Amino acid sequence: MNGTERIGVYVCHCGTNISHTVDVEAVAKYAAGLPGVALAKEYKYMCSEPGQDMIQEDIKEHDLTRVVVASCSPLMHEVTVRVAVWGAGMNPYVFQMSNIREQCSWVHSDKRAATEKAMRLVHGAVMRVSQHRELFEKEVPVHPDVMVVGAGIAGIEAALR
Amino acid sequence: MAKPKVAFYWCASCGGCEEAVVDLAEDILKVVEAVDIVLWPVALDFKLKDVEAMADGEIAVSFINGAVRLSEQEEWVQLLRRKSGLVVAFGSCSHLGGIPGLANLTTIEEIMANKYDRAPTIDNPDGTRPLPRPVVDGYELELPTPWNTVKRLDEVIEVDYYLPGCAPPPELIMTAVQAILAGELPPKGSVISPEKTLCESCPLNESKPDELVITEFKRVATSQPKPDECYLAQGFVCMGPATRSGCGERCIHGNMPCRGCFGPPPGARDQGTKLLSAIASAGAAENKDEADLFAKGFVDPAGTLYRFSVPSSILKRTLKGK
Amino acid sequence: MAMFDKTFPTLDCAACILTPKMVQVGQHPNIKLMTLSEVEALSGYVGNFKVQVRQHARYITADCTGCGECVEVCPCEHPSEFEQGMNQRRAVYRAFPQAVPNWYSIEKRGVPMCEDTCPIHTRTQGYVNLIAHGDYANALKVIRDVNPFPATLGRVCHHPCESECQRGFHDEPVAICALKRFVADWEDEQGLAPEPFKTKPNGKKVAVIGSGPAGLTAAYDLARKGYGVTIFEKYDKPGGLMRTGIPAFRLPRDVLDREINWILDHGVELKLNSPLGDVGVTLDDLESKGYDATILALGTTKGKALGIEGEELPGVVNCLEYLRNANLRDEVETGKRVSVVGGGNAAIDSARTALRYGAEEVTIIYRRTRDEMPAIGAEIIAAEHEGVKMHFLVNPVEMMDGVDGQLTKVRCQKMRLGEPDESGRRRPVPIEGEFIEVETDQCILAISQLPDLDFLVKDEDFDLTKWATLKADPHTCETGHAGVFACGDAVTGPSTVVEAMASGRQAATAVDIFLTDGDMDYMRREYHRPTDLPKMDNVRQPGLPTVKREEIPLNPDAGITLKEVELAFTEEQAVAEAKRCLVCAGCSDCRVCVDACDKGAIDHLMQDEVSEIDVGAIIVATGFELFDSREMPRYGYGRYDNVLSSLEFERMCHASGPTEGKIITKDGRAPEAVAILHCVGSRDENHLEHCSRVCCMYSLKFAHLVLDHTGAEVYNFYIDMRAFGKGYEEFYKRLLNEGVHFIRGKAAEVTNVAELPEEEGKLIVIGEDTLLGMNRRVPVDMVILSGGLKPRADADELARRLHLSCMQGDFFLEKHPKLAPVDTATDGIFLAGACQGAKDIPDSVAQGAAAAAGALVLVDRGKVVLEPITSSIDDEVCSGCKLCLQNCPYDAIEFDTEKKISKIVEELCKGCGTCVAGCPSGAATQQGFEDDQIFAEITGNLS
Amino acid sequence: MATDQFEPRIVGFLCRWCSYTGADLAGTSRIQYPPNMTPIRVMCSGRVDPTFVVQAFAEGADGVMIAGCHPGDCHYDVGNYRAMRRVPMLKNLLEQFGISPERLMLTWVSASEGRKFAADVVTFTETLRRLGPLNFAGETKATDELNLKETAPAV
């Protein structure tokens, strides 16, 4: 499970949101050298259609077994990339997102330090993802009733709808 | 076929492990018949040159107990490694660092000062210290040098099996010896004891409530534990949940909470922090002050959580005197 | 919204557009409307929530037709919350006419302390408020529900209720006891004979031994339940210590007889001169005569001895014997210089009786001080007025006789007060060697009483407690003898009349359960705490005007005779005193509404109902609170008349409001000038930092309403006119054309201190007009404060119960301010309306629909995907140390007792990982957050 | 920023429901704070095992920061209370290993407290600058042998 993984690393520019303080190319180059990394790329908009298609093609072409996407906060696009990797037949839970925008490029002004931090974050994600196992979601039924707490005009509207 | 040669050696040790071998009582005869003891400093007068004279691997198995503290001990164990087929770390000191390992919580200078200046029976105004090569009455002596850090045996040489316990219980020694003689050996590097923790076989575990809450810590020195109720539930720090079983609960039967001499189970990366996390979570503090007060009640956490295993903890030693 | 008059910008009448929706909700088959309900706890996860809901008791059932008859008779008035306190509503009320459901509800805030402390739990606040409204007949009905002796108790009760009356913390407690006497005496003066309760006899017979307050109350209760009751009394007159202990000048005989006879009118048979053990009156006789159960209410008839030298001298007599002779035969041998030992009611009564039977000098000897005397305060004062002398901190040690064997002196040891004993009173400790001698020729001992149980003790079923009282089960009153119950002073030791009555009631209830094979455990579990309503033990009303308590009138020519010393209140006094009651429980529990309701829809014993409801999704729409303008004193809200909050003005404009829609000042005049202040509390660092988005627009609406209704000059003080919605700017332009004076500047202060003649009698609004660049003083007749919108006070608590992510006293936090305003971080829980942030009606409605859509997505899809982050425990490694169990708030870890290992219940595990960190052997792991994964990330992060 | 200044390396554990969202809010609000902390996302501050903290120090961290929801606001009710109980005891243990308790910080950051999160990182970084490098992972003395002469007085 470790060292035998073929990891794909994708570092996002997010237009200029990330690249205005983080040297994205340097991070990608640094990532390429990390153990288990099969390929490391950077791209303007990872969350865009072409960005996701790129991941899917790479997974198939380079038969990647793990993916790391260094871009915005997982609270934003974790689901987007999960769907993308799942589309290429990879288990959605063997990918790891590295937040180098909200918690790096947007909050630091020193380019060198921000790039170094991004590298460390990507390194952490790569080491972590090589330990990931395939996980499978569980489906549970949904109870048909809905509870509305509060009967002002908003609650009334919701209940009637 | 000639009896397999066996060696016993002791490094930074209290001699308890030597006695454990003697404790085999009549079984010792079976052992003596089956093997040819070629080294046993505490009991037999073999010398360094006798071992040096042997061929490599000539000794079937060397049982080495005690932590590695002095330069001389390092040389001996490296020699025995060369000369032995199998090396077994015998007892907590060689396995985890043991009681001598507690020295890693301070510095060698402190120990020397305590020993040669501050001890009440010492009068040493000049603060003299033992020298590596003192000249006494014209003879130049050579004293071994104490390393700055106490080391486990497997930090110095490759160890094939570990016989845990301070000291290892006689039954465990017999099973190990017989297994070795019979050749049915567990995978290399394994600890010869069950993998489950003490609670699994501890008689007091039934009395432990499901929702354990510790309101304040008690210490064996200052309050008498009730013999029939789980010590942890009474507020005594018991290392049982984070320590391998196999010792026959000797301390529990002696109305003493477990002190962790068998070392951590395989899943735990650090015996001390794992137990700290478990008992801290069982505290009853609802705010920061209560949590601080509760923590203050746990006297000497390092000494209690790593009584036998400072050198095998993640941090290994204190930063001072590094 | 139901409180609004009109809505902006279309000036629709709020009720007209809201009530149809409300009625739809009320009638809709798929909507279960649970009013007066709150969420208490939530468990489960998206699609599978379990919500624990507490529906508070409404005390009115669904049979209510909304006719309002009950409101007419309800005596309790409180400021109406719906009308912002501008007018009063009754304890039974309906918020507003179009309320859905249209039933009424009763506000019960709790059990008032007077009722809670009263040993027989009289609905005190009920009868006091009925007296305040002159409804004396109903007041008596309330009293007689639990107390057959209103006239007696009105005179002699030690009234513990008054010491707990919450008004006592303000000025003085309400004179509850005297009011009871007033209404009982009123009935007598009117010559009204109260109707006894009529019940069908149930064919069972109960014998009651002893006709003291305990026995009579037990008989009264059992008779009302249809039992055939026979009372066996030892002496020749009934009443126990009420007759033989309490003297006539405190309790006239005719009053006592009248009330005892009223109990007998319930078909109760009284057999005098028949003590227990007499022929025909042994326990076996009673059983053979067909009595199904017996209640022993023997009371205490033996005086306790001091056990000192000379106690057997003829001059020494016990108070019970002395008072019995005085009260029964109206003549008793009394010395010239009489001394009384003791500090309780019996001692005071003996002393005052001695004065009336020839004693020239009476001295009370008490071993503690005046403060510790257990006697009723007023009686001690009366005794002192009548000349009774008192020696404190002395204890008799020897009765000394003179030459002819007659008592001459009582030698007493001086005492001092030591540590408190278990009753809380400080224990008297003798001072060595210091004595005094009291000249006396007769000494009455009143130091405690004991029951006369010689007859009973022979039967081994009965035994005594260590205080020599009859042993009986404290809850069920059962004795060792089957079917024989015991109560009153014989069991509890000497106590007061009302406590004896309470003990009698307990025995009667137990007998009723016993004879109907009921669950006797009721006596243990619920008998003493029938309701889970809170005690009203912290009622403080600062600013309440002080009103002195009415003085109880004294009989001028009573003097030292047997005539009654205290008189009843006059009617004016009684009504005035009754009006002092704070009605702190909301509903005074007088229950006159029950009779007024012909549908029988009122049930005062209703309890809260807690139910568990399974739902797939939850929509939180709990709305906002108006900023309380008292927090900005410079605007004078709450100090000056005619400074109104926005909701108060809404109610004033509303047709069904307190002024039926007329905009008038406090003294009824139409205002000539009105100022409307925007942003009160809003956009202010010290109060609400956010803009409430609506107060500009509703201020414009107010301006229009004032112009429309009164034609007064209108001055709007604003900072920025925020007319952001559809039709809003047009509405603002319309107001400009209608001649409203818009002053751009936040008002600094409102004062009534005039500096110019035309400002006399006006409210002056001082503010900077930033457009003119000058300060202005605008005299007006009315000021409306347009307060901002803030989160509900209990929002934090609800967020905690629903596990919504933390918000520290702010509005509920949405998942994402722009992309997911109606979602929350917890899947399956949605937000709608002002609870998520200040907003106007159109936005609230839109969010309501959006939240509904969110819930429908879940419900329609029928299934939901759960993130695989739950924990698991490796059977091989787990050693059953059980240390993980206490880490799980969801009980998602079960201990398998056979295999002696812990197991995770995957459905309940929410994946927090706390147990994994707390597992000492590393047996537990969390999917997606395994130790090795985190260790690897640590290494990477530090590279 | 002066380059010769000591730059402490901090490992942070942020709880997904409150602190991580708070950190994101600091991001969207562009609140600047020093880049010394590299966060690790956990589901709850209760998940942070003291072994992680000790491992971080052993691998060269100069400081460890744990951020969770305010007590009472935890999405899982009790997680942050467990963290609150473990940290003081862990601090006492660290002190015996020569690691100053100030190098371990437990703080509460709610989802709407972006500013407070940044402030916490700033104060923690300054504290660690004052304390200087820990470099626990530095090798022991070269020969690991005590040169006794240094201590022995001239005989």
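Just so it is clear: chains get the letters A, B, ... in the order the sequence lines come, proteins before strands, and each one is counted from 1. Because the structure is predicted, anything quoted here is derived from the model rather than measured.
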_Do the side chains of D:Arg47 and C:Asp931 get close enough for a salt bridge, i.e. N-O under 4.0 angstrom?_
yes
*Side chain, backbone, both or neither of D:Arg86 within contact of chain C (heavy atoms, under 4.5 Å)*: side chain
*asked:* For a quick check under 3.5 Å, do D:Asn36 and D:Arg9 share a side-chain donor-acceptor pair by atom type?
replied: no
*Side chain, backbone, both or neither: which part of C:Ser871 has a non-hydrogen atom closer than 4.5 Å to chain D?*
neither
*Between D:Cys18 and D:Cys69, is a disulfide bond (SG atoms under 2.5 Å apart) present by the stated rule, with each step listed?*
CA-CA 5 Å; D:Cys18 293; D:Cys69 306; 2.3 Å; yes
_Portion of D:Val11 that has a non-hydrogen atom of chain C nearer than 4.5 angstrom_ = side chain
*Verify whether one side chain among C:Gln52 and C:Glu612 offers a donor that lies under 3.5 Å from an acceptor in the other.*
no
_Heavy-atom proximity to chain D below 4.5 Å, by part of C:Ile938_ = both
*Below 4.5 Å from any heavy atom of chain C, which atoms of D:Tyr81 appear? Answer side chain, backbone, both or neither.*
neither
*Using non-hydrogen atoms only, which part of D:Thr51 is less than 4.5 Å away from chain C: side chain, backbone, both, or neither?*
both
*Pair C:Thr925-C:Glu930, side-chain donor/acceptor within less than 3.5 Å*: no
*asked:* For C:Phe624 together with C:Phe811, are the ring centres under 6.0 Å from each other?
replied: no
*Is it the side chain or the backbone of C:Gln886 that comes within 4.5 Å of chain D heavy atoms, both, or neither?*
both
